[in-house]
There are 2 protein chains.
Amino acid sequence: MIQTEILCQSPIFRGISPDDLRELFSRILYQVKTYQKNELITIGGEICDRLLIIQQGSVKAEMTDYSGKVIKIEDLAAPWPLATAFLFGKENRFPVTVSATSEVEMVSIPKPEFVKLLQMNSLILNNYLNTISSRAQFLSQKLKFLSFKTIRQKIAHFLLEKAGDRLQTVEIMQTQGQLAEMFGVTRPSLARALSEMSQEGLIKIDRRSIKIQDKNRMNQLLKN
Amino acid sequence: MIQTEILCQSPIFRGISPDDLRELFSRILYQVKTYQKNELITIGGEICDRLLIIQQGSVKAEMTDYSGKVIKIEDLAAPWPLATAFLFGKENRFPVTVSATSEVEMVSIPKPEFVKLLQMNSLILNNYLNTISSRAQFLSQKLKFLSFKTIRQKIAHFLLEKAGDRLQTVEIMQTQGQLAEMFGVTRPSLARALSEMSQEGLIKIDRRSIKIQDKNRMNQLLKN
DNA sequence: TTTTGTTTGTAACATTTGATACAAAAATAC
DNA sequence: GTATTTTTGTATCAAATGTTACAAACAAAA
């Protein structure tokens with residue numbers, strides 16, 4: 001049985017009343033499946049031709065590496081949808097193996113039926129488009145960040161982004177350790193780069209606030 | 001005037017007959033705007049609340065860096081859509097400044113009207129979902145590749161991916177130089193890493209074919 | 001205040017990679 | 001077959017970053 005009070009909390013059905021959602025579901029085909037703890041739900045590599053939404057319980061996603069060993073990727077709980085990014089596009093396969101970590105109820109909507117839902121209700125359509133677009137935008141940002149090779153470049157990008165057109169001084173909310181992790185470098189390396197940039201007059205560091213002293217030279221760092 | 005013979009070549013309208021497309025357009029609001037050479041079409045940072053499709057001519061996309069200098073990003077021509085990844089999601093702003101490089105006709109569909117199109121025609125809906133999903137999948141792959149830090153890791157990932165479960169020997173189609181560029185490293189560095197891995201018995205290199213001799217140790221390289 | 005734990009600055013050394021150069025090997029052209 | 005170009009293997013040195021370690025500064029708790 002579907003529980004629309006839970007499902008309407010899901011990112012895809014957000015903003016829809018439980019009653020409306022029940023009405024919508026009555027017009028499509030779907031299944032509600034129950035899985036016991038530790039039971040397999042999807043296998044990595046399997047074709048992804050249906051949308052799965054956790055209605056009750058929690059699952060874990062794992063990936064198999066090339067030698068066959070298993071790495072845990074993430075934990076998900078109701079009312080989250082699974083693999084929204086793999087229903088469409090060229091790579092229609094589950095990237096991960098999903099199994100139940102408690103007793104689980106899973107709503108399974110075949111792709112053609114989900115397309116009907118998208119066409120019947122513009123809120124669902126917008127929610128879904130927003131979900132996958134935001135993901136693409138997030139990945140794109142992350143990729144841009146990774147494209148800067150040296151630590152100085154990463155620092156410059158981070159500071160200029162935070163400062164925008166106007167500000168000269170940026171207040172950092174994270175510790176150096178957290179920043180270093182974001183940048184994918186070690187903490188002492190980040191500290192060294194910061195102190196060198198400070199010595200060279202590019203920035204001025206006072207605790208957690210950093211003043212950009214030479215915007216032009218900072219920009220030149222990003223040229224390559 | 002819209003030219004549906006051209007527009008139906010666009011990734012978003014692919015598979016739809018010119019006549020059907022004309023009928024669909026008759027049911028929504030849209031504009032066809034003409035731009036002279038060098039005229040501005042969108043400005044980076046501007047809100048992206050409409051879908052733009054090049055119907056005639058070509059444009060260039062440029063980005064402004066933090067110091068105000070302009071970097072060319074890409075050239076686009078008819079019948080390509082602009083910024084499909086920024087119509088929805090959290091970041092609804094054009095990332096680039098677009099200007100005409102020849103006389104240009106641009107079809108402009110306001111976002112709510114485009115949503116109508118998506119709901120009226122499931123082919124358009126599928127095309128659009130496939131476009132942005134594929135983009136997210138592509139970015140995700142690229143990100144995964146970049147997450148490997150050492151050259152050895154990149155080599156291991158590349159070879160294990162190519163080999164799959166079965167094969168032991170991988171035939172490389174590119175030159176070392178091309179591979180090095182893909183990996184974002186210099187050619188001598190790649191050659192050195194390969195020869196070291198060969199000395200350590202991980203792989204055996206014979207011209208353009210590389211045999212994976214120790215899959216387990218290769219996998220361990222990817223653990224961190 | 002004193003104590004304790006966290007954050008920061010910095011140093012010494014090891015490792016990885018880039019830059020450059022050059023010769024051997026292979027592929028291609030003549 | 002010879003000449004020319006491309007590709008590959010390798011060496012040397014420099015630059016960037018990681019690793020480890022430790023002390024000073026700071027913040028929170030007792």
| Taking only side-chain nitrogens and oxygens of B:Arg187, does any of them come within less than 4.0 Å of OP1 or OP2 of D:dG9? |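 For D:dG9, OP1/OP2 do not have a side-chain N/O of B:Arg187 under 4.0 Å.
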
| query | Does A:Ser189 put a side-chain nitrogen or oxygen below 4.0 Å from OP1 or OP2 of D:dG18? | reply | yes

| task | Name the orientation class of the two ring planes belonging to B:Phe158 and B:Phe183 (parallel below 30°, tilted from 30 to 60°, perpendicular beyond 60°). | result |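 It falls in the perpendicular class, over 60°.
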
| request: Mind checking B:Arg208 for me? I need base, sugar-phosphate or nothing, with any heavy atom below 4.0 Å counting as a touch. | output: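 Counting heavy atoms under 4.0 Å across all strands, the contact made by B:Arg208 is with sugar-phosphate only.
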
| field | Candidates C:dT17, C:dT8, D:dT17 - which lies nearest the side chain of A:Thr175 | value |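 For the A:Thr175 side chain, the nearest candidate turns out to be C:dT8.
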
| Residue A:Gln176, side-chain heavy atoms: nucleotide from D:dG18, C:dT8, D:dC13 that is nearest | C:dT8

Measure from [atom1] on [X] to [atom2] on [N] and round the result to the nearest Å.
X	N	atom1	atom2	answer
A:Arg192	C:dA12	CZ	P	12 Å
B:Lys154	C:dT16	NZ	P	14 Å
B:Ile151	D:dT17	CD1	P	14 Å
B:Glu196	C:dT16	CD	C1'	9 Å
B:Ile172	D:dT8	CD1	P	10 Å
B:Ile205	D:dG9	CD1	P	6 Å
B:Ile210	D:dT8	CD1	P	10 Å
A:Lys149	D:dT17	NZ	P	12 Å

| task | May I ask you to decide whether A:Lys60 forms a salt bridge with A:Glu62, counting only side-chain N to carboxylate O separations under 4.0 Å? | result |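 Here A:Lys60 pairs with A:Glu62 in a salt bridge, since their nearest N and O are under 4.0 Å apart.
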
| Should the pair A:Arg152-A:Glu200 be classified as a salt bridge under the 4.0 Å nitrogen-to-oxygen rule? | yes

| query | If you pin B:Ala193 and B:Pro188 to their nearest nucleotides in DNA chain C, which one's is more 5'? | reply |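 Comparing both residues, the 5'-ward one is B:Ala193.
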
| said: Rounded at 0.5 Å granularity, tell me how far CD1 in A:Ile132 sits from CD in B:Gln137. | reply: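 Result: 9.5 Å between the selected atoms.
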
| query | Would you say the side chain of B:Lys111 lies within less than 4.5 Å of the side chain of A:Asn126, judging by non-hydrogen atoms? | reply | yes

